[in-house]
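The next block holds one structure in the form of structure tokens; read it before the comments.
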Amino acid sequence: MTAPGGILLGAGGHALVVLHLARAAGLPVTAVTDPALAAQGIATWQGLTCLGGDEALTPPTAPLLNGIGILPGSTLRATLQTRLAARGWAFPPLTHPAAWVAPGTPLGAGAQIMAGAIVQPGGQIGPGTIVNTRASIDHDAQIGAFCHIAPGATLCGTVTLGDGVFVGAGATLTQGITIGSGAVIAAGAVVVHDVAQGETTFGRYEQRAKR
């Protein structure tokens, strides 16, 4: 199996956004793999050649674009990328031209910075992490692998996220706090304290409820 351009993994909603992100960033995409498309015998999707399911990905021939989204508790994106990277496939980081990422910011393999997002200097973005539409990450933030910072979320300066953290849409994380791996921050939450590994928090509203 060969492909002259990048290969997209998945054909869902996030994959559609990633496809247009890649095109906007100047990376041609010519093929897609998706078990559901293969099961239905679909030959093309969004102008891409359908190669089949993930079994079509052998040997490594082109950049892979991870079109699997992240919901709270989901691991498919991380599992698939980790397995394919171990087999030699490359996952380039992608930044939309309408985003702003401070020059020199380390972006891990397969990180995706969507339109309107801002990443200020001094920090880093881990492999496979999604910084979604209009999310804002301020200075010196340390973001782990396979996190999802949902649309409109705001991370203030020196925030640290462990691996696999989900930050819901419109959430605000105040400066200097640490969020443990696998934690979930609810949409719209205002978080003013550290959050333990695997914990789900509704932020300031949750604190009020405990009083």
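Put simply, the side chain of Thr82 does not reach to within 4.5 Å of the side chain of Phe91, judged on heavy atoms. Side-chain contact between Val32 and Gln46: absent, with no pair of heavy atoms (C-beta onward) separated by less than 4.5 Å. In this structure, Leu57 and Trp89 have side chains that are in contact, with non-hydrogen atoms separated by less than 4.5 Å.
In this structure, Ser181 contributes its side chain and Gly162 its backbone to no donor-acceptor pair below 3.5 Å. The backbone N or O of Thr49 sits nowhere less than 3.5 Å from a side-chain atom of Thr44 that would complete a donor-acceptor pair. The backbone N or O of Ile68 sits less than 3.5 Å from a side-chain atom of Arg77, completing a donor-acceptor pair. A donor-acceptor pair is defined here as one N or O able to donate and one able to accept, closer than 3.5 Å; no such pair exists between the side chain of Asp140 and the backbone of Gly157. Remark: the backbone N or O of Gly110 is not paired with any side-chain donor or acceptor of Asn66 at under 3.5 angstrom. A distance-only check finds a donor-acceptor pair linking the side chain of Asp194 to the backbone of Thr178 [under 3.5 Å].
Linking Ile, Leu, Val, Met, Phe, Trp and Tyr whenever their side-chain heavy atoms come within less than 4.5 Å puts Leu76 and Leu9 in one cluster. There is no path of hydrophobic side-chain contacts, each under 4.5 Å, that joins Leu161 to Phe166. Hydrophobic clustering places Leu37 together with Leu16 (ILVMFWY residues linked when any side-chain heavy atoms are closer than 4.5 Å, directly or through intermediates). Hydrophobic cluster membership differs between Leu64 and Val17, with clusters built from Ile, Leu, Val, Met, Phe, Trp and Tyr side chains linked at under 4.5 angstrom. Under the 4.5 Å side-chain heavy-atom criterion for ILVMFWY residues, a single connected hydrophobic cluster contains both Val165 and Val159.
The CG atom of Leu8 sits 7.5 Å away from the OG1 atom of Thr33 when rounded to the nearest 0.5 Å. Put simply, CG on Leu80 and OG1 on Thr75 are 10.5 Å apart, with the number rounded to the nearest 0.5 Å. Atom CG in Asp138 sits 9.0 Å away from atom OG1 in Thr154 (nearest 0.5 Å). In this structure, SG on Cys147 lies 8.5 Å from CD1 on Ile125, to the nearest 0.5 angstrom. From Gln120, atom CD reaches atom CD1 of Ile137 across 10.0 Å, with rounding to the nearest 0.5 Å. Here CD1 of Ile179 is found 9.5 Å from CD1 of Ile143. Values are rounded to the nearest 0.5 Å.
Evaluated for a side-chain contact (heavy atoms from CB on, under 4.5 Å) with Met114, the options Leu94, Leu21, Thr95 yield exactly one hit, Leu21.
Residues passing the side-chain hydrogen bond (donor to acceptor under 3.5 Å, both in side chains) test with Asn132, sequence neighbours excluded: His148.
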